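Both ligands and their constituent atoms are indexed starting at 1 by order of listing. Numbering starts at 1 and runs along the sequence shown. Side-chain atoms are counted along with the backbone in the values below, which use heavy atoms only and exclude waters and symmetry mates. Note that the structure is a prediction, hence the values are computed from the model and not measured.
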Amino acid sequence: MNTPSKKLGFCTRAIHGGLEPDPGTGAIMTPVFLTSTYVQSEPGKHKGYEYSRSGNPTRSALEANLASIEGGNFALAFSSGLGATNTVLNLLKSGDHVVSGDDVYGGTYRLFRNVYEQFGVRFTFVDTSDLDALRDAVTPETKLVWLESPTNPLLKITDLSAASEIAHSAGALCCIDNTFASPFLQRPLELGSDLVVHSTTKYLGGHSDVVGGAVVMNDPEIRARLAFFQNAVGATPGPLDCFLVLRGIKTLGLRMRQHCANAARIASYLAGHSRVEKVYYPGLATHPGHKIARKQMSDFGGIVSLEVKGGLEAARKFVSAAEIFALAESLGGVESLIEIPAVMTHASIPAAERRKAGLADGLVRLSVGIEDVEDLVADLERALELSGG
Ligand SMILES: *Cc1c(COP(=O)(O)O)cnc(C)c1O
């Protein structure tokens with residue numbers, strides 16, 4: 001079972017991919033190697049591990065498993081999604097240009113604008129669901145195209161095969177933040193992208209009990225450069241965090257099926273509600289990216305965004321009135337969450353930029369969990385009624 005063929009089904013790979021029973025004891029679960037250092041038999045002679053920032057067996061197991069489920073040759077694990085993103089950005093130097101989606105995770109935007117711009121890396125933000133806009137934005141200096149699809153929180157869809165081709169024709173790498181879809185629904189490396197980034201905090205961990213990140217890739221040279229930065233910069237995860245992500249991945253397929261089924265039901269319920277102005281969900285036939293989502297994803301995910309009638313004031317009442325939907329940032333756990341991006345997850349993006357990207361102040365984002373969907377619909381029904389009062 002060490003490197004299962006890519007032909008094995010997703011759930012089989014999620015449970016077994018890259019993993020072996022512990023050779024010393026037969027333990028079926030990967031041991032948590034809580035050690036910082038490793039004894040050497042002679043100076044410089046060791047069993048592959050010297051120091052746990054450079055390598056740890058629990059982390060190695062997670063990395064092998066992540067590579068298997070994303071259909072990539074290599075993966076590297078990090079202490080957070082932003083730690084993973086930062087390590088990809090370490091590939092750049094002053095004067096390089098990046099084209100980024102204009103609706104990316106708020107912390108990604110903050111890292112680009114408030115950290116990398118001061119080092120002379122230049123960024124252009126465009127709506128990458130419009131391939132002509134992407135084509136116009138790349139230049140000979142463009143070294144990286146950074147995309148999310150579906151985006152956060154507007155759930156815009158970019159054609160990932162076409163976007164990868166545009167990046168490659170400019171000589172740039174194409175990196176997809178695949179956190180929202182998870183590899184169960186979408187595998188960007190199979191669609192031509194060079195790098196996949198994850199916040200494993202979300203669907204991969206799946207239980208809101210760990211913060212982590214990952215980069216998955218095929219090219220051994222890129223892998224070697226990123227592994228160098230992983231050790232040199234040091235945003236590495238602890239072994240217990242690696243164990244929690246590995247454990248979460250085992251049920252990813254089951255959870256994603258339920259997240260998608262619940263989200264689809266909630267999206268169609270909201271679309272027919274008189275107090276709802278607009279619903280954003282790629283599974284709705286009216287969504288502008290629906291056809292492309294059908295082509296490149298196996299289902300439409302667990303995130304639904306909506307605008308309630310009455311703007312920010314009504315949105316505040318709505319999110320406060322919900323009970324099963326907990327008012328919190330983050331997403332992708334088994335429990336349903338509700339939030340207002342403009343004042344919570346995306347507050348670090350200036351208001352003018354947010355509005356330009358189409359993010360209304362009163363937009364509400366739901367991370368639909370795997371509770372009984374009738375209970376979730378009843379909770380929203382009650383909260384919507386109270387949003388008008
Ligand atoms: C949460 C998130 C991140 C950042 O990950 P952390 O683990 O919080 O550092 C990046 N991208 C997306 C799409 C996210 O949802």
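Between R257 and D299 there is no salt bridge, since none of the side-chain N atoms of the basic residue sits less than 4.0 Å from a carboxylate O of the acidic one. Taking a cutoff of 4.0 Å between a charged side-chain nitrogen and a carboxylate oxygen, R225 and E221 do not qualify as a salt bridge. Salt bridge absent: R59 and D241 never bring a charged side-chain N and a carboxylate O closer than 4.0 Å.
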Output block, N or O contacts of ligand 1, threshold 3.5 Å exclusive:
{"unit_1": "ligand 1", "atom_1": "5 (O)", "unit_2": "S199", "atom_2": "OG", "d": "3.0"}
{"unit_1": "ligand 1", "atom_1": "7 (O)", "unit_2": "G81", "atom_2": "N", "d": "2.8"}
{"unit_1": "ligand 1", "atom_1": "7 (O)", "unit_2": "S199", "atom_2": "OG", "d": "2.8"}
{"unit_1": "ligand 1", "atom_1": "7 (O)", "unit_2": "T201", "atom_2": "OG1", "d": "2.7"}
{"unit_1": "ligand 1", "atom_1": "9 (O)", "unit_2": "G81", "atom_2": "N", "d": "3.0"}
{"unit_1": "ligand 1", "atom_1": "9 (O)", "unit_2": "L82", "atom_2": "N", "d": "2.9"}
{"unit_1": "ligand 1", "atom_1": "11 (N)", "unit_2": "D177", "atom_2": "OD2", "d": "2.6"}
{"unit_1": "ligand 1", "atom_1": "15 (O)", "unit_2": "K202", "atom_2": "NZ", "d": "2.7"}

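Every residue was checked against the salt bridge (Lys or Arg N to Asp or Glu O under 4.0 Å) condition with E70, not counting sequence neighbours, and none meets it.
Among I176, T85, L173, L195, the single residue meeting the side-chain contact (heavy atoms from CB on, under 4.5 Å) criterion with W146 is T85.
Aromatic pair H198/Y203: centroids not less than 6.0 angstrom apart.
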